[in-house]
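Here is the structure we will look at.
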Amino acid sequence: MTEPTQSDTRRALETGLTGLTFPRKVIVVGAGLAGLAIAYELARHGSQVTVLEATDRPGGRAYTLREPFADGLYAEAGAMTVTPYCHYSMHYLRELGVGLERSDLLDPDFAYFIDGKFATTDRASLARLGLPLTDEERGMDVPEMIDTYVQSVCRKLQPGIDAPEWSVTERLAPYDRQSVHEALRTAGASEAAIDLMDPFFLEMRGGDLKAASALSWLRHEASPHSMVRADGRWSKIAGGTDRFPRAFAERLKDRIRYRNPVVRVTQDATESRVTFVDHGTLQTLAADHVVMTVPFSAIRHVDFSEAGLSEAKQDAMRRLRYSSVVRVYLQMRRKFWHEANLSYSTDLPIRWVRDATPHMPGPRKIIECMMTGRRARAVAAMTDEERLRFTLDQLEEPLPGAAEHFETGTSVVWDQRPYAEGAYILPERHHSTLMPAIRKPEGRIHFAGEHAAFEPNGGAMTFALESAVRTLVELGHGADPA
Ligand SMILES: Cc1cc2nc3c(=O)[nH]c(=O)nc-3n(C[C@H](O)[C@H](O)[C@H](O)COP(=O)(O)OP(=O)(O)OC[C@H]3O[C@@H](n4cnc5c(N)ncnc54)[C@H](O)[C@@H]3O)c2cc1C
């Protein structure tokens, strides 16, 4: 069959995957959201499915930290936001009966802390910082800068940049050769203005503005998923993001095998075989088809030398980059700041400071510092204890009293987490040339996960789930019916 399109995939979801005939036996590698959704649908449709997961829990990067915090407090290590536009997430959340609540990222008491001074996003407040803005920028609030340098470029690229079916037309292609930084400079933004706009979208893209593709970023900024276009309906999963993968896992029960890292995949004309570690032994299982949902950062540890993968696939596996993200969580004895929903963007190495628990009951709170890009890679080189100490020391300047109120803490270094080795994909310049090879099936081996999404900025739960449904459509048109 020809490769399913974005609208084929959406139609398949909306029609309950009717008209598809699934293979008898499938192995899914990885129990993140993509792998779980594929296994859930295959099991429902009568296939024999086994999920091999390297770690001891479902969810992968949908991961809620519940330790070492007191009073039932928790914080998100990975995904935290869902919007009504997350079509695939909303579908499965509804189906599994997982609830939503209002996101803490809405209505923050947002402030900049630059050069030891606080400011808000309005021009009068920013003037006190004495930043090297252009004369024109001195007359703008930050939302106006975003409109001038970002949304105006998105508008120029209409129609096309927000088309429901993503394709890189001749008019869009030059933006994939450009970095985000170049696109902003070309639009007239000063370095100081780029820094001010950063917390609203750039930092979330991994902080590597000189490497990231302008096209991938503009596609995101033109969409309702953009933070700038948030319409007050951002949500989070009630009780923690991990409730979502756990709801899938409960329905799959012992079809998921934990602590079984896959080390080798082979195939021939009749079957595909997967070798994995189980209690210190090597075991091999065969199936009609295998679905790999492992991020390409971690897939490099799996041996495909006898799998007959195309050059293009191997090249994509080698080249795809991931964003560096470090999140540090500090439990405070009590709330000792005046803001209801504290959120600072600082020029310190700890970058983004926020109350991760503004609406949780009890006196204790968790302050989170989140770093991306070079700042994340710098603190990644510290030990966990050094990182906590360093963060607390830095925090003392914008938040005096942090060290005194600190009780316990932890941190997550996504680059160093086994079986992830990165936070979410960083679509670099020329990403559109890599995309078809990332998701293309190779014989009996299929590829799903956020990196294999149709969207160039696939780093979200909904796009991981979209890739799952796209893979189900591929499998449903394959041979060897159940
Ligand atoms: C810091 C951060 C913030 C984010 N914020 C958001 C957000 O607000 N909203 C949102 O929607 N998304 C967000 N995301 C992205 C979202 O979490 C991911 O896009 C999504 O969870 C990816 O799902 P996946 O199934 O593709 O991959 P994963 O969740 O990575 O699943 C892959 C699974 O494969 C397993 N695995 C790896 N190697 C092997 C092997 N050799 N053998 C067996 N198993 C293996 C892994 O252990 C893992 O369980 C965020 C992510 C991060 C890191």
Side-chain angles (χ1 to χ4, degrees), residues 27-39 50-65 75-83 85-86 88-90 93 103-105 203-206 225 227 234-237 241-242 244-245 248-249 256-265 274-278 290-304 322-327 352 368 370-372 376 412-415 417-426 447-453 455 457-468 471:
I27 296 171
V28 176
V29 182
L33 284 170
L36 289 166
I38 293 168
T50 305
V51 183
L52 296 171
E53 166 56 45
T55 70
D56 57 2
R57 61 167 181 88
R61 285 168 282 170
Y63 177 29
T64 306
L65 292 176
E76 300 302 344
M80 48 187 183
T81 308
V82 182
T83 77
Y85 308 102
C86 294
Y88 292 81
S89 292
M90 293 302 281
L93 287 165
S103 167
D104 301 327
L105 298 180
E203 186 70 9
M204 305 309 287
R205 305 261 65 76
H225 299 284
M227 196 174 199
W234 275 25
S235 303
K236 60 179 183 169
I237 291 166
T241 304
D242 61 353
F244 192 12
F248 274 120
I256 310 177
R257 299 179 57 148
Y258 295 103
R259 295 195 180 91
N260 279 178
V262 167
V263 293
R264 187 162 194 244
V265 182
V274 172
T275 302
F276 56 97
V277 176
D278 184 34
V290 168
V291 183
M292 296 298 299
T293 70
V294 174
F296 276 11
S297 42
I299 214 169
R300 294 159 193 152
H301 303 297
V302 180
D303 176 19
F304 287 99
Y322 282 72
S323 297
S324 302
V325 175
V326 172
R327 302 178 82 166
W352 189 32
E368 178 190 344
M370 176 163 158
M371 293 136 256
T372 65
V412 175
V413 178
W414 279 101
D415 283 357
R417 281 198 79 78
Y419 308 110
E421 300 189 27
Y424 30 74
I425 68 159
L426 173 62
F447 294 83
E450 60 149 58
H451 54 289
E455 291 296 324
N457 263 302
M461 296 185 285
T462 199
F463 298 132
L465 292 167
E466 182 192 45
S467 81
T471 304

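Numbering of residues begins at 1 and proceeds along the displayed sequence. Note that ligands are numbered from 1 as they come in the structure, with each ligand's atoms numbered from 1 the same way.
Considering backbone and side-chain N/O atoms, Gly449 never comes within less than 3.5 Å of an N/O atom of ligand 1. Checked by distance only, ligand 1 and Met370 stay at 3.5 Å or farther apart across all their nitrogen or oxygen atoms. Between Thr81 and ligand 1, at least one pair of N/O atoms sits closer than 3.5 Å. Taking distance alone, with nitrogen or oxygen atoms compared against 3.5 Å, Glu450 approaches ligand 1 more closely than that limit. At under 3.5 Å, not a single nitrogen or oxygen of Asn260, backbone or side chain, sits near a nitrogen or oxygen of ligand 1. Below 3.5 Å of separation, one finds an N or O of Leu33 facing an N or O of ligand 1. For a threshold of 3.5 Å applied to N or O pairs, the pair formed by Pro295 and ligand 1 contains no separation below that value. At a 3.5 angstrom cut-off on N or O pairs, Tyr424 does not count as close to ligand 1. The distance criterion of under 3.5 Å between nitrogen or oxygen atoms is not met by Gly35 with respect to ligand 1.
Within ligand 1, counting atoms from 1 as listed, the ones closer than 4.0 Å to a heavy atom of Gly32 are 25 (O), 29 (O), 31 (O), 33 (C), 49 (O). Each of the following atoms of ligand 1 lies closer than 4.0 Å to a heavy atom of Ala34: 25 (O). Within ligand 1, counting atoms from 1 as listed, the ones closer than 4.0 Å to a heavy atom of Leu52 are 43 (C), 44 (N). Numbered from 1 in the order shown, with element, the atoms of ligand 1 that lie under 4.0 Å from a heavy atom of Val29 read 42 (N), 43 (C). Close contacts between ligand 1 and Gly60 involve ligand atoms 29 (O), 48 (C), 49 (O) [criterion: under 4.0 Å to a heavy atom]. Set against the non-hydrogen atoms of Ala77, the atoms of ligand 1 under 4.0 Å away are 1 (C). If you number the atoms of ligand 1 from 1 as listed, the ones under 4.0 Å from a heavy atom of Pro261 come out as 42 (N). Listed by number with element, the atoms of ligand 1 under 4.0 Å from a non-hydrogen atom of Ala423 are 53 (C).
Ala420 does not count as a contact of ligand 1, since none of its heavy atoms falls under 4.0 Å from the ligand. Ligand 1 lies within reach of Arg327, whose nearest heavy atom is under 4.0 Å from it.
Among protein heavy atoms, the minimum distance from atom 10 (C) of ligand 1 is reached at Met461 N, 3.5 Å. Among all non-hydrogen protein atoms, the one lying nearest atom 23 (O) of ligand 1 is Ala464 CB, 3.7 Å. For atom 44 (N) of ligand 1, the nearest protein heavy atom (residue, atom name, distance) is Ala54 N, 3.1 Å. Among protein heavy atoms, atom 5 (N) of ligand 1 sits closest to Ala79 CA, 3.4 Å. Among all protein heavy atoms, the one lying closest to atom 32 (C) of ligand 1 is Thr293 O, 3.7 Å. The nearest protein atom to atom 34 (O) of ligand 1, hydrogens excluded, is given as Gly30 CA, 3.3 Å; this is a heavy-atom distance.
Judged purely by atom type and a 3.5 angstrom limit, Arg327 uses its side chain to pair as donor or acceptor with the backbone of Gly78. Without hydrogens or angle criteria, Thr64 side chain to Asp242 main chain gives a donor-acceptor distance under 3.5 Å. Side-chain atoms of Arg300 do not come within 3.5 Å of backbone N or O of Asp303 as any donor-acceptor pair.
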Please test Phe244 against Leu93 for side-chain contact (heavy atoms from CB on, under 4.5 Å), starting from the C-alpha separation and ending with a verdict. CA-CA 7 Å; Phe244 192 12; Leu93 287 165; 3.6 Å; yes
Under the side-chain contact (heavy atoms from CB on, under 4.5 Å) rule, what do Ile299 and Phe447 come out as? Steps first, then yes or no, please. CA-CA 11 Å; Ile299 214 169; Phe447 294 83; 4.1 Å; yes
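Going from atom CD of Glu76 over to atom CD1 of Ile237 covers 7.5 Å, rounded to the nearest 0.5 Å. For the atom pair OH of Tyr63 and OG1 of Thr55, the computed distance is 9.0 Å after rounding to the nearest 0.5 Å. Atom-to-atom distance recorded for Trp414:CH2 and Thr372:OG1 is 15.0 Å, nearest 0.5 angstrom.
Within a 6.0 Å radius of CZ in Arg259, other residues, nucleotides and ligands contribute 12 heavy atoms or fewer.
Two residues are said to be in side-chain contact when any heavy atoms from C-beta on lie closer than 4.5 Å; Glu450 and Arg61 meet this criterion.
Of all the heavy atoms in Ala34 and Ala468, the pair that sits closest is O-CB, 3.5 Å.
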